[in-house]
Amino acid sequence: MKPHHHVVAAAAETPTTRQRLFARYLIAILADLVVLNLFAEHWDRVAIDGFTLSLAVAVLLQLLLQLTLVIEHRVAGWFRGRAGAAWTFARFFSAWLILFGSKFVMLGALDLAFGEAIHFAGAMHGAGAFIAVVVAMLAGEELVTRLYRALA
């Protein structure tokens with residue numbers, strides 16, 4: 001068997017859960033990295049000192065986004081089974097509060113981890129620009145994930 005046939009045979013095997021998770025988070029981090037660097041290059045409200053730093057930022061943001069989703073799902077689970085309009089409102093409001101409020105926590109974490117090496121400017125001390133970047137990152141992740149799934 002030729003050496004390149006081993007690669008083809010290995011690629012044809014069903015991926016393990018760990019391999020699927022690796023591919024999922026690699027795709028997400030790379031999509032975040034591209035979006036983050038596009039904003040840094042083309043929007044004066046986002047400044048990052050270098051590519052290596054932007055990679056670290058993308059990894060940290062992905063970790064924080066996943067942690068936010070875990071917290072949001074746990075809170076939503078607490079509301080599961082509670083009937084009534086007030087409980088439904090409380091569930092959606094708590095989800096919104098967690099998802100929106102987490103962006104300020106993320107911005108603080110970036111400031112703590114990287115200081116002035118990364119800067120978001122504009123409304124609410126850069127929170128508006130940061131939220132725009134995160135929304136674009138999530139849209140980019142979704143776009144790449146859909147493309148990946150369409151290739152199956």
Residue pairs meeting ring pair (Phe, Tyr, Trp, His ring centres under 6.0 Å), one or both in residues 43-69, sequence neighbours left out, come to F39-W43
Review point. Between K103 and F130, is a side chain to side chain contact (heavy atoms under 4.5 Å, CB included) present by the stated rule, with each step listed?
Key: CA-CA 8 Å; K103 303 313 172 272; F130 178 70; 4.1 Å; yes
Review point. Same cluster for V133 and F114 if Ile/Leu/Val/Met/Phe/Trp/Tyr side chains link at under 4.5 Å?
Key: yes
task: Consider only side-chain heavy atoms of I, L, V, M, F, W and Y, link residues closer than 4.5 Å, and tell whether L67 and I98 are in one cluster.
output: yes
[X] vs [Y] side-chain heavy atoms within contact, under 4.5 Å:
X	Y	value
L30	V34	no
L65	L138	yes
M106	L110	no
Q66	Y25	yes
L107	D111	no
E141	Q62	yes

Quick check for you: to the nearest 0.5 Å, what is the distance between [X] atom [atom1] and [Y] atom [atom2]?
X	Y	atom1	atom2	result
M124	I131	CE	CD1	5.0 Å
E72	T68	CD	OG1	9.5 Å
F104	S102	CZ	OG	9.5 Å
L99	I71	CG	CD1	10.0 Å
F22	I27	CZ	CD1	10.0 Å
S54	N37	OG	CG	3.5 Å

Requested in this report: May I ask you to check whether T17 and R20 show a side-chain donor-acceptor distance below 3.5 Å?
Outcome: yes
For D49 and I118, what are the C-alpha separation, side-chain angles and deciding distance, and is it a side chain to side chain contact (heavy atoms under 4.5 Å, CB included)? CA-CA 6 Å; D49 281 353; I118 181 167; over 6 Å; no
**Asked** More than 12 non-hydrogen atoms from neighbouring residues, nucleotides or ligands closer than 6.0 Å to CZ on F79, yes or no?
**Response** yes
